[in-house]
Amino acid sequence: MAEPPVLIRQDEVEGLLHYKDLIPRLEVALGKFSKLDSAEVIQPVRTTVPLQKYNGFLGLMPAYLVHEDILCTKLVCFYKRESGSTLPSTQATVLLFDPEYGNVKAVMDGEVITAKRTAAVSAISAKLLMPAKSEVLTILGAGHQALSHYNVFTETFSFKEVRVWSRRKETAERFAQSTQGHVTVWESVEEAVNGADVIVTVTGASEPVLFGQWVKPGAHVAAVGACRPDWRELDDVLMRQAEVYVDSREGAVAESGDIILSGAKVFAELGEVLNGTRPALREKTTVFKSLGMGIQDAVSAKLVFEQWKNKH
């Protein structure tokens with residue numbers, strides 16, 4: 001008889017999931033995904049259930065990594081909130097299964113997993129694509145994803161300057177005060193991104209906030225918000241002048257308003273670059289459009305569960 005599932009709370013997940021362990025595992029998973037071997041990685045495109053009454057969606061993200069024998073699904077509600085709303089923009093739960101017996105082994109808070117695995121993949125994109133001498137990092141947005149991206153980017157790279165912008169200046173100021181290092185708050189997106197080598201967009205925007213004319217040639221943009229076909233963070237100019245990389249082609253053409261509405265062409269998946277089958281065009285302006293994948297949650301959940309077992 002299967003044991004009842006363990007419940008791993010948010011604070012526990014936070015203490016068990018570390019970027020130095022997570023990033024190498026995500027690189028392996030992304031590479032395997034891009035080999036298009038359905039016997040190795042099984043991951044359908046995210047299923048969404050509209051929550052029109054609350055201006056949101058329920059997303060279902062199952063995945064099975066055969067070689068690692070990881071069966072997992074994430075249930076995530078995400079919302080387009082009004083400016084100043086105190087309600088969360090996302091809520092997530094991750095279920096880790098025993099693939100042989102079919103029982104749930106662990107139920108985990110999904111907020112930390114979502115924030116950390118998303119930021120880790122953005123850092124992988126920057127490692128592959130950002131200019132060789134990158135000194136200025138700009139973060140557009142000041143929520144949970146902004147903090148996770150700040151943490152992994154400052155842990156992984158050595159920027160001389162970090163800037164932040166948010167629609168509400170007080171939110172950006174709170175964010176800057178919450179970080180360990182020196183972060184400067186900027187009044188406008190145009191000023192904040194002027195001369196930046198790496199730009200991370202983690203906003204709740206449904207219309208473009210970052211315009212190509214403001215982005216310096218050769219910069220790298222990690223675009224994380226706008227996860228619906230009719231939502232955008234980046235304008236047509238930027239999308240069409242940049243080389244566009246994604247985590248999943250299939251997911252991008254189904255879900256990314258930045259790609260669908262601009263008509264931009266996807267140059268490569270990150271996994272293809274990791275596999276050496278597509279080049280990293282570091283000298284060009286690049287956009288990594290992140291949508292997140294079930295395999296990223298699965299790899300993270302297994303790592304959390306392994307660390308949890310080691311402590312119990």
Side-chain angles (χ1 to χ4, degrees), residues 10-11 14-15 17-20 22-23 81 83-86 88-90 111-205 208-212 214-216 218-226 233-234 238 285-290 292:
Q10 186 176 69
D11 59 332
E14 182 73 55
L17 193 57
H18 302 288
Y19 291 119
K20 63 181 176 57
L22 180 58
I23 286 175
R81 300 296 193 193
S83 179
S85 171
T86 57
S89 58
T90 62
E111 291 300 294
V112 173
I113 286 176
T114 301
K116 287 195 171 184
R117 62 81 155 150
T118 305
V121 174
S122 293
I124 292 168
S125 82
K127 185 166 77 168
L128 297 171
L129 300 169
M130 73 182 188
K133 292 184 179 179
S134 291
E135 297 183 344
V136 180
L137 167 68
T138 294
I139 301 173
L140 304 180
H144 294 304
Q145 282 288 358
L147 187 58
S148 62
H149 278 75
Y150 171 85
N151 288 335
V152 72
F153 273 72
T154 54
E155 183 179 313
T156 308
F157 311 110
S158 298
F159 292 100
K160 291 184 178 179
E161 183 182 356
V162 181
R163 307 170 180 172
V164 67
W165 168 89
S166 178
R167 289 188 193 278
R168 301 176 68 207
K169 187 179 179 183
E170 60 268 30
T171 307
E173 289 172 342
R174 254 197 320 272
F175 170 83
Q177 291 163 8
S178 72
T179 63
Q180 299 298 313
H182 179 66
V183 178
T184 56
V185 175
W186 293 68
E187 295 276 353
S188 73
V189 174
E190 182 176 1
E191 292 172 322
V193 302
N194 181 35
D197 301 293
V198 179
I199 302 167
V200 175
T201 62
V202 281
T203 73
V209 294
L210 180 62
F211 293 82
W214 301 339
V215 177
K216 88 171 187 180
H220 175 60
V221 179
V224 176
E233 289 185 304
L234 317 181
L238 178 54
T285 305
T286 53
V287 166
F288 167 57
K289 178 56 209 170
S290 169

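Note that the structure is a prediction, hence the values are computed from the model and not measured.
- Thr90 is listed as a side-chain neighbour of Glu111, based on a closest heavy-atom distance under 4.5 Å.
- With rounding to the nearest 0.5 angstrom, the CZ atom of Arg117 is 10.0 Å from the OG atom of Ser122.
- Residue His182 comes nearest to Thr184 through the heavy atom pair NE2-CG2, 3.4 Å, listed as atom of the first residue, atom of the second, then distance.
- Using a 4.5 Å cut-off on side-chain heavy atoms (C-beta onward), Glu190 and Phe211 make no contact.
- Expressed to the nearest 0.5 Å, how far CD1 of Ile124 lies from CG of Leu22 amounts to 7.5 Å.
- Residues Phe175 and Tyr150 approach most closely at CZ-CB, 3.9 Å, considering heavy atoms.
- Shortest non-hydrogen contact noted between Val136 and Gly195 is CB-O, 4.2 Å.
- Taking Ser125 as the reference, His220 meet the side chain to side chain donor-acceptor pair (under 3.5 Å) condition, with sequence neighbours excluded.
- A distance of 10.5 Å separates OG of Ser134 from CG of Leu129, quoted to the nearest 0.5 Å.
- Side-chain N or O atoms of Glu233 include one that pairs as donor or acceptor with a backbone N or O of Gly225 at under 3.5 Å.
- Heavy atoms only, all atoms of each residue included: Gly141 and Ala146 are closest at O-CB, 3.4 Å.
- Tyr19 places no side-chain N or O within 3.5 Å of a backbone atom of Asn151 that could act as its donor or acceptor partner.
- Atom CZ of Arg167 sits in a sparse spot, with 12 or fewer heavy atoms from other residues, nucleotides or ligands closer than 6.0 Å.
- The minimum heavy-atom distance linking Ala120 with Ile23 is given by the pair CB-CG1, 3.8 Å.
- The two residues Trp186 and Glu161 make their nearest non-hydrogen contact at CZ2-OE2, 3.8 Å.
- Using a 4.5 Å cut-off on side-chain heavy atoms (C-beta onward), Thr154 and Thr179 make no contact.
- Judged by distance alone, with hydrogens and angles left aside, the side-chain atoms of Thr138 form a donor-acceptor pair with the main-chain N or O of Ala192 at under 3.5 Å.
- Counting heavy atoms from C-beta outward, Thr171 and Arg174 have side chains that approach closer than 4.5 Å.
- Counting heavy atoms of neighbouring residues, nucleotides and ligands inside a 6.0 Å radius, atom CD of Glu170 exceeds 12 of them.
- Taken to the nearest 0.5 Å, the CD1 atom of Ile199 stands 12.5 Å off from the CH2 atom of Trp165.
- Inter-residue side-chain proximity for Leu140 and Val193 is flagged as met; some heavy-atom pair is nearer than 4.5 Å.
- Of the possible donor and acceptor atoms, one in the side chain of Lys116 sits under 3.5 Å from a partner among the backbone N and O of Glu14.
- Contacts of Ser290 classified as side chain to side chain donor-acceptor pair (under 3.5 Å), with partners at least two apart in sequence or in another chain: none.
- Considering only heavy atoms from C-beta on, Ile139 stays 4.5 Å or farther from Phe153 through its side chain.
- Counting only heavy atoms from C-beta outward, the side chains of Asp197 and Met130 never approach each other to under 4.5 Å.
- A donor-acceptor pair under 3.5 Å is absent between the side-chain atoms of Arg81 and the main chain of Thr86, judged by distance alone.
- No option in Val152, Val224, Val202 other than Val224 meets the side chain to side chain contact (heavy atoms under 4.5 Å, CB included) test with Thr118.
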